[in-house]
S.K.: 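Got a structure here, written out as structure tokens. Questions coming.
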Amino acid sequence: MKQGVVLAGGIEPLFGTRDENLKLLESVLGVTTILREDRLEIEGEPDAVEQAVRLVEGYNELIREGRHFEAGEVKAALRLALAEPEVSLRSILAPSRPRVFGKKTVTPRNANQRRYMELMEKYDMVFAIGPGGTGKTYLAVAMAVSALLTKQVNRIILVRPAVEAGERLGFLPGTIQEKIDPYMRPLYDALYDMLDADKLERYLERGIIEVAPLAFMRGRTLNDSFVILDEAQNSTTEQMKMFLTRLGFNSKAVITGDVTQIDLPSDRRSGMVEAIEVVGRVEGIGQIFFTERDVVRHNLVQRIIRAYEEFESRQTPAAAPAVPRQVPGT
């Protein structure tokens with residue numbers, strides 16, 4: 001079967017760098033594409049051709065409405081739409097509920113990232129568990145910035161346990177803030193990616209955005225805030241219970257972590273692992289579990305994570321921490 005689609009202006013993002021987006025369309029759907037002036041011909045099995053045509057026409061509609069997209073943004077949306085055929089390109093690139101992410105355009109790159117963003121909008125507390133590179137922290141910061149800029153909350157509070165990841169850093173000179181900043185650097189990096197440096201510095205100075213160690217949360221009640229606990233696998237049972245009970249009125253909390261990267265002493269159980277067991281079925285709490293297939297960094301990262309998992313599976317059962325299972329319906 002062969003069908004043709006007349007292309008709207010601004011086709012460069014649709015094609016991508018060196019036609020990578022068209023190649024993605026061809027490889028996933030098993031179709032071939034030929035560009036003839038302003039017309040794209042698509043040939044293949046009927047169902048595959050119809051799906052490809054729907055995607056291209058969906059992109060055309062958005063372009064005719066005056067929308068502009070980057071090639072990387074379109075590629076991420078295509079990956080998601082191809083993985084979930086019932087999802088339209090419009091719902092990904094132009095969701096009905098607009099999101100403002102400061103200077104950055106943020107588009108989910110796979111089905112789990114899309115569900116994660118939806119969970120953060122739906123629930124006041126969300127647990128996100130999975131390996132590094134799956135976007136757990138980055139997307140949480142993006143949603144927090146969006147909530148702040150659209151005045152859904154008045155503050156963003158980013159928290160991490162100050163646990164040494166195998167290193168022995170010893171005595172660090174400087175103020176308390178200077179001592180803890182190295183532990184918080186990944187959170188600052190995400191913020192600088194979303195906000196202009198001057199605006200971010202003003203927010204930090206005025207306390208509108210706060211980056212702090214988990215221990216500093218004790219005794220506080222966090223109202224009108226978007227709170228993120230990052231690297232939560234390194235929290236103790238007592239710290240996790242303390243954090244979960246800080247949530248105040250009109251606030252959201254996102255807890256992210258990787259249970260394969262626990263840096264606590266061997267005799268201390270991860271507070272995040274225990275929290276999933278204790279509150280995983282509590283109504284109003286969302287959960288999402290990422291795997292190496294959701295990694296959006298360099299392709300090598302996926303293979304490295306898989307290699308470590310295979311290596312650890314060959315060791316004694318005690319060598320690897322138990323990974324909590326997703327509760328049905330979350």
Side-chain angles (χ1 to χ4, degrees), residues 106 108-147 152-153 156-161 163 186-187 190 212-215 217 222 225-248 250-264 268-296 305 309 320-330:
V106 179
R109 297 193 175 191
N110 53 52
N112 263 346
Q113 285 196 351
R114 177 171 173 268
R115 293 190 191 100
Y116 182 33
M117 295 176 79
E118 290 172 349
L119 285 174
M120 285 189 281
E121 289 182 332
K122 180 179 179 181
Y123 293 106
D124 288 337
M125 184 174 290
V126 175
F127 284 84
I129 300 167
T134 51
K136 304 184 303 296
T137 303
Y138 191 84
L139 290 177
V141 172
M143 294 297 284
V145 168
S146 176
Q152 298 174 51
V153 298
I156 296 174
I157 301 174
L158 308 177
V159 185
R160 265 190 167 199
V163 176
L187 298 175
L214 177 57
M217 294 298 103
L222 306 174
S225 302
F226 198 117
V227 193
I228 300 169
L229 173 55
D230 193 37
E231 296 288 328
Q233 76 276 3
N234 288 327
S235 65
T236 64
T237 295
E238 297 80 11
Q239 287 175 327
M240 178 59 74
K241 182 179 178 182
M242 177 270 292
F243 175 81
L244 296 180
T245 55
R246 297 307 92 198
L247 197 65
N250 189 41
S251 290
K252 284 182 177 288
V254 179
I255 301 97
T256 73
D258 177 0
V259 295
T260 68
Q261 300 288 330
I262 296 174
D263 299 311
L264 293 169
R268 301 300 299 271
R269 192 181 188 203
S270 167
M272 186 183 72
V273 172
E274 184 173 270
I276 292 296
E277 297 177 10
V278 175
V279 304
R281 295 181 181 274
V282 172
E283 185 178 356
I285 295 179
Q287 299 177 65
I288 188 158
F289 293 79
F290 294 93
T291 70
E292 83 280 349
R293 293 188 299 274
D294 299 309
V295 171
V296 292
I305 292 171
E309 288 180 347
V323 178
R325 299 297 179 186
Q326 187 166 8
V327 176
T330 60

S.K.: Of all residues at least two apart in sequence or in a different chain, which pass the side-chain contact (heavy atoms from CB on, under 4.5 Å) check with N112?
M.R.: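 Checked N112 against side-chain contact (heavy atoms from CB on, under 4.5 Å); matches are N110, R115, I288, F290, D294.
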S.K.: With sequence neighbours left out, write down each residue that passes salt bridge (Lys or Arg N to Asp or Glu O under 4.0 Å) with R269, or none if nothing qualifies.
M.R.: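 Scan of R269 (salt bridge (Lys or Arg N to Asp or Glu O under 4.0 Å), adjacent residues dropped) gives E274, E277.
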S.K.: Do you know which two heavy atoms are closest between S225 and I157, and how far apart they sit?
M.R.: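 For S225 and I157, the tightest heavy-atom pair comes out as OG-CD1, 4.1 Å.
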S.K.: What heavy-atom pair brings R160 and L187 nearest, and what distance separates the two atoms?
M.R.: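 Looks like CG-CD1, 4.0 Å.
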S.K.: Restricting to pairs with a member in residues 233-246, which pass salt bridge (Lys or Arg N to Asp or Glu O under 4.0 Å), not counting sequence neighbours?
M.R.: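 Applying salt bridge (Lys or Arg N to Asp or Glu O under 4.0 Å) to every pair that reaches into residues 233-246, excluding sequence neighbours, yields E238-R268.
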S.K.: State, with a plain yes or no, whether a side-chain heavy atom of M120 is found less than 4.5 Å away from one of L139.
M.R.: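 Of all side-chain heavy-atom pairs linking L139 with M120, at least one is under 4.5 Å.
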S.K.: Quick one: salt bridge (Lys or Arg N to Asp or Glu O under 4.0 Å) pairs with a partner in residues 125-146, sequence neighbours left out?
M.R.: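 Found none.
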S.K.: M240 versus I255: any side-chain heavy-atom pair under 4.5 Å?
M.R.: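 Yes, at least one pair of side-chain atoms sits under 4.5 Å.
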S.K.: I'd like to know if the side chain of Q287 reaches the main chain of G280, judged simply by a donor and an acceptor atom lying under 3.5 Å from each other, with no hydrogens or angles considered.
M.R.: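 Flag set: sc Q287 to bb G280 pair under 3.5 Å.
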S.K.: So F289 and V259, side chain to side chain contact (heavy atoms under 4.5 Å, CB included) or not? Walk me through it.
M.R.: CA-CA 11 Å; F289 293 79; V259 295; over 6 Å; no
S.K.: A144: what forms a side-chain contact (heavy atoms from CB on, under 4.5 Å) with it, not counting sequence neighbours?
M.R.: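 I156, F226, I228.
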S.K.: For Q261, does its backbone N or O pair with a side-chain atom of Q233 as donor and acceptor, under 3.5 Å?
M.R.: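 Yes, the answer is positive, given that a donor and an acceptor are paired below the 3.5 Å cut-off.
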S.K.: What pairs with R114 under salt bridge (Lys or Arg N to Asp or Glu O under 4.0 Å), at least two apart in sequence or on another chain?
M.R.: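 Partners of R114 under the salt bridge (Lys or Arg N to Asp or Glu O under 4.0 Å) test: E84, E118.
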S.K.: Tell me, please, which residues at least two apart from T137 pass side chain to side chain donor-acceptor pair (under 3.5 Å).
M.R.: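 Counting only residues at least two positions away or on another chain, T137 forms a side chain to side chain donor-acceptor pair (under 3.5 Å) with D230.
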S.K.: So, using side chain to side chain donor-acceptor pair (under 3.5 Å) as the criterion, who are the partners of Q113 when residues are at least two apart?
M.R.: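 Not a single residue meets the side chain to side chain donor-acceptor pair (under 3.5 Å) criterion with Q113.
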S.K.: Is any side-chain heavy atom of V106 closer than 4.5 Å to a side-chain heavy atom of M143?
M.R.: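 Contact flag for V106/M143 side chains = no.
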S.K.: Taking side chain to side chain donor-acceptor pair (under 3.5 Å) as the definition, give me every residue that meets it alongside N250, ordered by chain and number, with sequence neighbours left out.
M.R.: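 N250: side chain to side chain donor-acceptor pair (under 3.5 Å) contacts with D224.
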S.K.: To check you understand the geometry: which heavy-atom pair defines the closest contact between P161 and L229, and what is its length?
M.R.: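 Smallest interatomic distance, heavy atoms only, reads CD-CD1, 4.1 Å.
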S.K.: Can you tell if the side chain of M217 reaches within under 4.5 Å of the side chain of Q239, non-hydrogen atoms only?
M.R.: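 The answer is no; the side chains never approach within 4.5 Å.
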S.K.: Identify the heavy atoms of V295 and P131 that sit nearest to each other, and give their distance.
M.R.: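 What the structure gives for the nearest pair is CG2-CG, 4.4 Å.
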S.K.: For F243, enumerate each residue passing the ring-ring contact (aromatic ring centres under 6.0 Å, His included) test, keeping only those at least two apart in sequence or located in another chain.
M.R.: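 By the ring-ring contact (aromatic ring centres under 6.0 Å, His included) rule, F243 matches no residue at all.
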S.K.: Using the test ring-ring contact (aromatic ring centres under 6.0 Å, His included), find all partners of Y138 that sit at least two apart in sequence or belong to another chain.
M.R.: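 Not a single residue meets the ring-ring contact (aromatic ring centres under 6.0 Å, His included) criterion with Y138.
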